[in-house]
Amino acid sequence: MKNEKTNQKEVVKNGFFWRSRSNYCRCFNIIIFIIVFMIYLINHNLLKKTENIFFMGYFNDLLAPILLLAFSNFLLSFYGKELKGKNIYIVIIICSIYWEFITPLYKKNSVCDVLDIIMYMCGASIYSFLRFLIERGRKHGTKSSRIKKG
């Protein structure tokens with residue numbers, strides 16, 4: 001019982017967001033998912049009405065891999081796993097092939113567009129970059145806290 005209280009104090013003291021790798025991964029991906037989903041809603045309800053070709057046709061393609069990767073990594077974090085590095089791009093390439101080449105075979109209003117694939121890869125790169133920035137900040141934060149304690 002005493003260890004549980006000590007662990008709870010450590011979680012509060014060190015912050016839930018950075019306490020463990022799985023908590024960090026879950027929080028990061030939930031935050032990314034919520035923000036990108038809100039941007040999607042803004043695009044769907046406001047920006048598409050501007051009749052700008054980017055917002056009408058490609059912005060959602062940029063957001064889709066970010067949502068997919070954030071949700072996938074959120075689920076994988078419960079198993080101590082996560083998509084990172086080249087695996088991110090492998091998943092997005094597989095999804096691109098399906099969405100752009102297989103879906104048009106059975107969905108009449110779907111067409112193959114190479115620019116969509118470019119947007120998917122850009123979205124994966126944005127997710128990877130955000131992950132890199134947060135991971136870098138996390139590593140520097142833990143090093144500085146170790147120095148202060150030591």
Side-chain angles (χ1 to χ4, degrees), residues 7-104 107 110-150:
N7 288 340
Q8 289 174 350
K9 287 179 183 177
E10 287 178 15
V11 169
V12 171
K13 182 178 177 183
N14 294 326
F16 173 74
F17 195 71
W18 306 118
R19 177 66 183 140
S20 71
R21 178 93 182 131
S22 60
N23 284 344
Y24 145 77
C25 186
R26 285 182 201 130
C27 290
F28 168 74
N29 286 302
I30 288 171
I31 290 168
I32 293 297
F33 186 87
I34 290 170
I35 290 170
V36 173
F37 188 73
M38 289 171 40
I39 293 170
Y40 164 78
L41 291 175
I42 291 169
N43 182 50
H44 186 72
N45 294 315
L46 296 174
L47 300 177
K48 278 189 174 184
K49 294 177 183 174
T50 64
E51 297 185 16
N52 180 311
I53 190 74
F54 177 72
F55 293 116
M56 289 178 67
Y58 298 107
F59 193 56
N60 285 347
D61 297 328
L62 183 70
L63 299 176
I66 301 170
L67 287 170
L68 176 71
L69 293 166
F71 186 70
S72 298
N73 274 338
F74 172 74
L75 293 177
L76 288 170
S77 70
F78 289 100
Y79 299 97
K81 310 266 185 203
E82 80 182 291
L83 291 170
K84 56 185 174 182
K86 68 180 179 181
N87 291 335
I88 286 175
Y89 295 100
I90 291 169
V91 167
I92 296 305
I93 288 169
I94 292 168
C95 290
S96 297
I97 291 168
Y98 180 79
W99 291 331
E100 296 302 319
F101 298 108
I102 297 173
T103 302
K107 189 174 180 186
S110 180
V111 294
C112 178
D113 186 359
V114 177
L115 288 176
D116 286 351
I117 296 171
I118 293 169
M119 288 294 117
Y120 300 146
M121 298 311 280
C122 289
S125 297
I126 291 169
Y127 178 84
S128 294
F129 183 69
L130 292 172
R131 224 184 130 274
F132 166 77
L133 289 178
I134 297 299
E135 183 68 24
R136 183 175 166 208
R138 179 180 177 268
K139 286 180 181 177
H140 289 295
T142 55
K143 284 181 184 176
S144 65
S145 65
R146 287 181 189 161
I147 292 170
K148 290 178 186 175
K149 289 179 183 177

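All residue numbers in this chain count up from 1 along the given sequence.
- With contacts defined as side-chain heavy-atom distances shorter than 4.5 Å, the pair I32/L69 does not qualify.
- Taken to the nearest 0.5 Å, the CD1 atom of I117 stands 12.0 Å off from the SG atom of C122.
- One distance of note links CZ of R26 with CG of L75; it measures 10.5 Å at 0.5 Å rounding.
- Residue F129 holds its CZ atom at 10.5 Å from CD1 of I134, rounded to the nearest 0.5 Å.
- Atom NZ of K84 and atom OG of S128 lie 12.0 Å apart (nearest 0.5 Å).
- Counting heavy atoms of neighbouring residues, nucleotides and ligands inside a 6.0 Å radius, atom CZ of F74 exceeds 12 of them.
- A distance of 10.0 Å separates OH in Y79 from OG in S77, rounded to the nearest 0.5 Å.
- Between Y120 and the choices P65, C95, S125, the side chain to side chain contact (heavy atoms under 4.5 Å, CB included) rule is met once, by P65.
- Considering only heavy atoms from C-beta on, N52 stays 4.5 Å or farther from L47 through its side chain.
- Put simply, the side chain of I118 does not reach to within 4.5 Å of the side chain of Y58, judged on heavy atoms.
- Under the 4.5 Å side-chain criterion, counting only non-hydrogen atoms from C-beta, F101 is not in contact with S96.
- For the residue pair N29 / Y127, a side-chain donor-acceptor distance below 3.5 Å is found, with atom types taken as modelled.
- Residues K49 and F55 fail the side-chain proximity criterion, which asks for heavy atoms closer than 4.5 Å.
- Between F33 and F37, the ring-plane angle classifies as parallel under the 30° and 60° cut-offs.
- Minimum heavy-atom separation, P104 to W99: CD-O, 3.7 Å.
- The shortest heavy-atom contact between S110 and T103 is OG-CG2, 3.7 Å.
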Chi angles and distances behind the side chain to side chain contact (heavy atoms under 4.5 Å, CB included) call for D113, M119
CA-CA 10 Å; D113 186 359; M119 288 294 117; over 6 Å; no

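- Note: Y40 and H44 have parallel aromatic rings, judged against thresholds of 30 and 60 degrees for the angle between ring planes.
- A salt bridge between R131 and E82 is present, with a side-chain N of the basic residue lying under 4.0 Å from a carboxylate O of the acidic one.
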Take I34 and I30 through the side chain to side chain contact (heavy atoms under 4.5 Å, CB included) test and state the conclusion after the steps.
CA-CA 6 Å; I34 290 170; I30 288 171; 3.7 Å; yes

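- F28 places none of its side-chain heavy atoms less than 4.5 Å from the side chain of N73.
- The backbone N or O of L83 sits nowhere less than 3.5 Å from a side-chain atom of N87 that would complete a donor-acceptor pair.
- Interatomic distance, I35 CD1 to L63 CG, rounded to the nearest 0.5 Å: 12.0 Å.
- Checking V91, I90, I97 one by one against I93, the side chain to side chain contact (heavy atoms under 4.5 Å, CB included) holds for a single residue, I97.
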